[in-house]
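Accompanying notes for the structure given below.
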Amino acid sequence: MPEGHVTHRLAIGFTERLAGAPVRSTSPQGRFAEEAGEVDGHLLDAAEAYGKNLFVHFGDRAVHVHLGLAGKLAFVGDDGGGAARPITGAIRWRVENERGYADLRGPQACKLVDDAGIRSITDPLGPDPLREDADPEVGWARVRRSATPIGLLLMDQRISAGVGNIFRAEVLYRHRIDPMMQGRLLRRKEWDAIWTDLVGLMHDAVRKGRIDTVRPEHDPVAMGRAPRVDRHGGEVYVYRRADQACLVCATPVRTTTLGGRNLFWCPSCQRTSRRRVPAARG
DNA sequence: CCGGCATGGCAAA
DNA sequence: TTGCCCTGCCGGA
């Protein structure tokens with residue numbers, strides 16, 4: 001479930017449902033028991049997202065959550081406290097008040113940290129398209145001098161924090177860029193367009209709780225065909241659509257492994273092989 | 001029923 | 001580059 005839009009959505013959910021009052025903090029599974037106990041009964045100030053990291057603030061400390069690949073955090077809100085709150089499966093962290101509760105399962109990280117700990121996590125992060133303080137120049141500075149494929153660079157949290165496998169595949173498709181093209185061959189205008197698009201797509205995903213990237217003119221539903229909504233819940237061009245027809249040109253979508261992750265692209269729409277622009281003289 | 005896979009990231013080799 | 005971790009879900013037997 002976890003690209004940046006999920007984390008930001010969770011931060012909003014935490015703040016709306018559980019902030020501003022003391023919470024009960026436990027670890028039914030036990031692996032977070034000691035630290036959960038340290039903030040049990042404490043005031044939950046707010047939750048904040050930075051890329052794929054979630055910080056749940058308690059005074060000068062915070063619980064740092066990173067969902068990783070398998071993690072899930074579910075809110076069960078507004079049960080009024082009267083209903084049973086069953087313990088099913090491995091619940092690393094349960095946070096609750098009289099209104100409702102949240103269960104965290106299978107996170108890659110769940111740890112109580114202080115200010116220095118927070119900084120050590122956020123300092124290396126690049127601009128997050130979902131944050132007001134994001135400076136895309138920081139990402140561009142790395143991209144423009146890198147021989148690494150742009151398909152890998154976009155997954156690099158130092159370049160664009162919060163972007164994951166779906167957004168990387170989809171934004172490259174939308175800009176017709178070959179994922180294997182070296183970062184240094186990307187044009188400034190292209191980076192600007194990619195960044196602006198990420199800001200829009202990711203905010204949209206925060207609002208809707210799903211990733212939709214297909215433009216209206218290519219939308220199967222609008223064109224009278226069946227939706228192709230993926231298990232992740234959104235309507236996409238190429239992500240996890242290997243061998244299926246490209247929505248625009250009908251060429252079979254290709255897939256390969258890049259950096260240990262599955263990459264998807266349309267070999268026809270995404271052809272940006274180009275010569276390196278000669279350096280300006282003088 | 002069970003193995004593999006997943007929107008991630010780390011360490012080891 | 002590979003393996004491993006976390007957990008739940010899905011597809012194939």
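As a basis for the values below, the full set of heavy atoms in this structure was taken, side chains included, without hydrogen atoms, waters or symmetry mates. No experiment lies behind these values; they were computed from the predicted model shown. Residue numbers begin at 1 in each chain, while the letters A, B, ... track the order of the sequences.
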Write down the protein N/O and nucleotide N/O pairs, taken from nucleotides 8-12 of chain C, whose separation is under 3.5 Å; answer none if there are no such pairs.
| residue | atom | partner | partner atom | Å |
| --- | --- | --- | --- | --- |
| C/dG8 | OP1 | A/Arg105 | NH1 | 3.0 |

So what does A/Arg92 touch, heavy atoms closer than 4.0 Å: a base, only the sugar-phosphate, or nothing?
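If one applies the 4.0 Å heavy-atom cut-off, A/Arg92 turns out to touch the sugar-phosphate alone, with no base involved.
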Over all strands shown, is A/Arg210 touching base, sugar-phosphate only, or nothing at heavy-atom distances under 4.0 angstrom?
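The answer is nothing, as A/Arg210 stays clear of every strand by at least 4.0 Å.
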Pairs of donor and acceptor atoms involving the side chains of residues 18-26 of chain A, under 3.5 Å and at least two apart or interchain, shall be tabulated with distances.
| residue | atom | partner | partner atom | Å |
| --- | --- | --- | --- | --- |
| A/Arg24 | NH1 | A/Asp40 | OD1 | 3.4 |
| A/Arg24 | NH1 | A/Asp40 | OD2 | 2.8 |
| A/Ser25 | OG | A/Ala36 | O | 2.8 |
| A/Ser25 | OG | A/Trp93 | NE1 | 2.9 |

Pick out which of A/Asp156, A/Leu154, A/Ile150 makes a side chain to side chain contact (heavy atoms under 4.5 Å, CB included) with A/Arg168.
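Passing option: A/Leu154.
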Residue of the set A/Met202, A/Glu3, A/Arg131 for which side chain to side chain contact (heavy atoms under 4.5 Å, CB included) holds with A/His8:
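Between A/His8 and the candidates, side chain to side chain contact (heavy atoms under 4.5 Å, CB included) is satisfied uniquely by A/Arg131.
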How many whole angstroms separate atom [atom1] of [X] from atom [atom2] of [N]?
X        : N     : atom1 : atom2 : value
A/Arg158 : B/dG8 : CZ    : C1'   : 15 Å
A/Asp103 : C/dC6 : CG    : P     : 19 Å
A/Lys52  : B/dT7 : NZ    : P     : 10 Å
A/Arg168 : B/dT7 : CZ    : C1'   : 11 Å
A/Ile166 : B/dA6 : CD1   : P     : 11 Å
A/Asn53  : B/dG8 : CG    : P     : 12 Å
A/Leu67  : C/dT7 : CG    : P     : 13 Å
A/Leu152 : B/dG8 : CG    : C1'   : 14 Å

Looking only at side chains, do A/His57 and A/Glu48 share a donor and an acceptor under 3.5 Å apart?
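Note: A/His57 and A/Glu48 side chains meet the donor-acceptor criterion.
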Would A/Phe55 and A/Ile121 satisfy side chain to side chain contact (heavy atoms under 4.5 Å, CB included), going step by step from the backbone distance to the final call?
CA-CA 10 Å; A/Phe55 298 96; A/Ile121 294 160; 3.8 Å; yes
Using the [atom1] atom as the reference point in each nucleotide, state the distance between [N] and [M] in Å, no decimals.
N     : M      : atom1 : value
B/dC5 : C/dG3  : C1'   : 15 Å
C/dT1 : B/dT7  : C1'   : 22 Å
B/dC1 : C/dC6  : P     : 24 Å
C/dG8 : B/dC10 : P     : 23 Å

Of the listed nucleotides (B/dT7, B/dA6, B/dG9), which one gets closest to any side-chain atom of A/Glu3?
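Closest nucleotide to the A/Glu3 side chain: B/dT7.
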Which nucleotide in the list B/dG8, B/dA6, C/dC6 gets nearest to the side chain of A/Asn165?
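Looking only at side-chain atoms, A/Asn165 lies closest to B/dG8.
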Where do A/Ala134 and A/Trp195 come nearest, in terms of heavy atoms and distance?
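So the minimum-distance heavy-atom pair works out to CB-CZ2, 3.8 Å.
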At under 4.0 Å, does any side-chain N or O of A/Gln29 touch on OP1 or OP2 of C/dC6?
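No, outside the criterion.
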Short side-chain N/O contact to B/dG9 OP1/OP2 from A/His66, under 4.0 Å:
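The answer is yes; a side-chain N or O of A/His66 sits under 4.0 Å from OP1 or OP2.
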Once you round to the nearest 0.5 Å, how far does CD of A/Gln270 lie from NE2 of A/His175?
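Rounded to the nearest 0.5 Å, the CD-NE2 separation comes to 11.0 Å.
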Centroid separation under 6.0 Å, is that true for the rings of A/Tyr237 and A/Phe264?
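No, the ring of A/Phe264 stays outside the 6.0 Å limit from the ring of A/Tyr237, centre to centre.
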